[in-house]
Amino acid sequence: METLINFSYIIASILFIYGLKMLGSAETARRGNMISSIGMLIAVVVTLISKEIISYQWIIVGLITGALIGGFAARLVKMTSMPEMVALFNGFGGLASLLVGWAEYEKITQLGWMRYIVNLSGTPTFTSTVIFLAVLIGGITFTGSVYAYLKLAGKVSGKAKVFSGQKLVNIFLAAAILLSGLLFILSENPSGAYGYFLAFVILALLLGVFGVMPIGGGDMPVVIALLNSLSGLAAAAAGFVIVNNVLIVAGCLVGASGVILTFIMCKAMNRTLGNVLFSGFGATASSGEGSAFEGELKPISASDTYYLLEAANSVVFVPGYGMAVAQAQHTVKELATLLEENGAEVRFAIHPVAGRMPGHMNVLLAEADVSYDQLVEMDSINPSMPTVDVAVVIGANDVVNPAAARDAGSPIYGMPIINAHEARTAICLKRGKGAGFSGLENQLFLMPNTRMLYGDAKNSIQELVSEFKNS
Amino acid sequence: MTIILLVFIFVLAAFLGFELISKVPSQLHTPLMSGSNAISGITIVGAILATGASDNSTLNTILGTLAVTLATINVIGGYLVTDRMLAMFKKKEGAKK
């Protein structure tokens, strides 16, 4: 029986590996997701028939409750709310790993080391170390993800929050966690160490909150990817606790993929991970340093925009988080179709960190049925930008700010951008005056060939669509 | 010895993960993330084992049941959401042909 279970875990691991590999390519991605879910099903089913499981009632309660909540949430969530949904699911995974670590520790205090460890062939030091890691990583993942969820859902301000001594608080938290962890690990008497255990549970939960606090909205893709990685590592740590290979392999694969995504996102902003996590970017940079850039904001009406677009041979849309907020993707697609019927070449320029999670814009535009051929990555669109008649910037800000390319004093200096300012005309849709998420004045808005179309992005685009239809 | 073996598996899985995912087109970043997020719900196995043991205290049962619930939300929600997103990509591919 034991052999059959372990053998099935190997098959589950293979399915996860294949599934992840297939997720990496557009043709096979959906099948890959299916295959990895079959792996999960196998892992769960063989665990249920394991001889260690005596009572089923609470397991069934948990499975049914979880399946109902998860199923409904996944069906009902809007595509525009995807970043916060993913963050929340991620947080739940982290908390589950924390609780697994806790439940195992509870067992140890009940049974004592000698009886607990008999089946696991570990040592008390090793097992308590990995319990500590599972709880620590799981705890940070949980509160970090929930806080990121609240930021993304707009339930708390998405801006970076810094207060004086914040770094000190974080260093203190980290030191206190290490200290309580060390005391916990070195303690010979498991039930006597319960105080230390609870201490680092609480401290880890706090660290998650304080860690995400100073990170602003524009840096969210990095944080989401990093938290995703952590939830995998928490599962792997839980796997070390219960000596289970499938947890270790699957958790580690997720950890690795999250790390890769994190670095892709950092690279797209030309910043280091440390800079993203600790600089309080956006809160400290709002002093407007290096923004000695002259120019004025030139508003344009919807009907004038229509004339520009009507005459254009080549139009590029540059979507950003504002398009997600306004839920304008369907209207944008409608306008794009009208422009194409009018004989213009229409493309969408996608910046890797546009939006609030990796690939956010691709998901939204896919929902609106925009053809994949029309989505162009930053590096491919920039060389042809000077030949573009109109660039329509929809709620994007930092990713089109030319200050990143030429203003060495700017906090986003060095970040690769989409060169919307090189188009013959740039139309920027914006809800109102004022700086973007990072708090920076956008030099693009002040340039001579830029026109500002103020108002809700969806309404503005809708007006353009009706202009086309009425003409 | 077991510990060494476990660490060995962990390290190999890390390298395998890096190799598998190093080149992913940007349109798949979100599905990859939410798909791998669903996989991180594998902790459900640990949660089930923790809940179903014979000699559980009340606290243990509570912790375990909560863990099973949360991990199931992570797994079911993660896979379904990923599938929904990928279905949109698929539809588009079909329309192109």
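Letters A, B, ... are given to chains in the order of the sequence lines, protein chains preceding strands, and every chain is numbered from 1.
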Give the minimum heavy-atom separation between [X] and [Y], together with the two atoms involved.
| X | Y | answer |
| --- | --- | --- |
| B/Leu28 | A/Ala29 | CD2-CB, 4.1 Å |
| A/Val363 | B/Met88 | O-CE, 3.3 Å |
| B/Ala50 | A/Lys107 | CA-NZ, 3.8 Å |
| B/Ile76 | A/Gly70 | CG2-C, 4.3 Å |
| B/Ser36 | A/Asn228 | OG-ND2, 3.2 Å |
| B/Gly35 | A/Asn33 | CA-OD1, 4.2 Å |

Given a strict heavy-atom distance threshold of 4.5 Å, which part of B/Thr61 is in contact with chain A: side chain, backbone, both, or neither? side chain
Beyond-backbone contact of [X] with [Y], side-chain heavy atoms, under 4.5 angstrom:
| X | Y | value |
| --- | --- | --- |
| B/Phe18 | A/Val259 | yes |
| B/Tyr79 | A/Ser36 | yes |
| A/Arg75 | B/Arg84 | yes |

Please report the C-alpha distance between B/Asn37 and A/Val254 in whole Å, then the side-chain angles of each, then the deciding distance to 0.1 Å, and finally whether the side-chain contact (heavy atoms from CB on, under 4.5 Å) criterion is met. CA-CA 7 Å; B/Asn37 180 25; A/Val254 177; over 6 Å; no
Rounded to the nearest 0.5 Å, how far apart are [atom1] of [X] and [atom2] of [Y]?
| X | Y | atom1 | atom2 | answer |
| --- | --- | --- | --- | --- |
| A/Leu253 | B/Leu20 | CG | CG | 6.5 Å |
| A/Tyr56 | B/Ile48 | OH | CD1 | 9.5 Å |
| B/Ile42 | A/Ile248 | CD1 | CD1 | 11.5 Å |

Can you name the ring-ring contact (aromatic ring centres under 6.0 Å, His included) partners of A/Tyr18, sequence neighbours left out?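 For A/Tyr18, no residue satisfies ring-ring contact (aromatic ring centres under 6.0 Å, His included) once neighbours in sequence are set aside.
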Give the C-alpha distance, both sets of side-chain angles, the deciding distance and a yes or no for side chain to side chain donor-acceptor pair (under 3.5 Å) between B/Thr69 and A/Thr65. CA-CA 6 Å; B/Thr69 311; A/Thr65 323; 4.8 Å; no
What verdict does the side-chain contact (heavy atoms from CB on, under 4.5 Å) test give for A/Phe240 and B/Val7, after you've listed the backbone C-alpha separation in whole Å, the side-chain angles of each residue and the deciding distance to 0.1 Å? CA-CA 9 Å; A/Phe240 278 111; B/Val7 176; 4.3 Å; yes
Examine whether an atom of A/Ser25 lies under 4.5 Å from a heavy atom of chain B, and if so say whether it belongs to the side chain, the backbone or both; otherwise answer neither.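 Looking at A/Ser25, just its backbone touches chain B.
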Sort A/Ile17 into side chain, backbone, both or neither according to what part of it lies under 4.5 angstrom from a heavy atom of chain B. both
Could you walk me through whether A/Ile264 and B/His29 satisfy the side-chain contact (heavy atoms from CB on, under 4.5 Å) test, starting with their C-alpha distance in whole Å, then the side-chain angles of each, then the deciding distance to 0.1 Å, before giving a yes or no? CA-CA 10 Å; A/Ile264 292 176; B/His29 281 168; 3.8 Å; yes
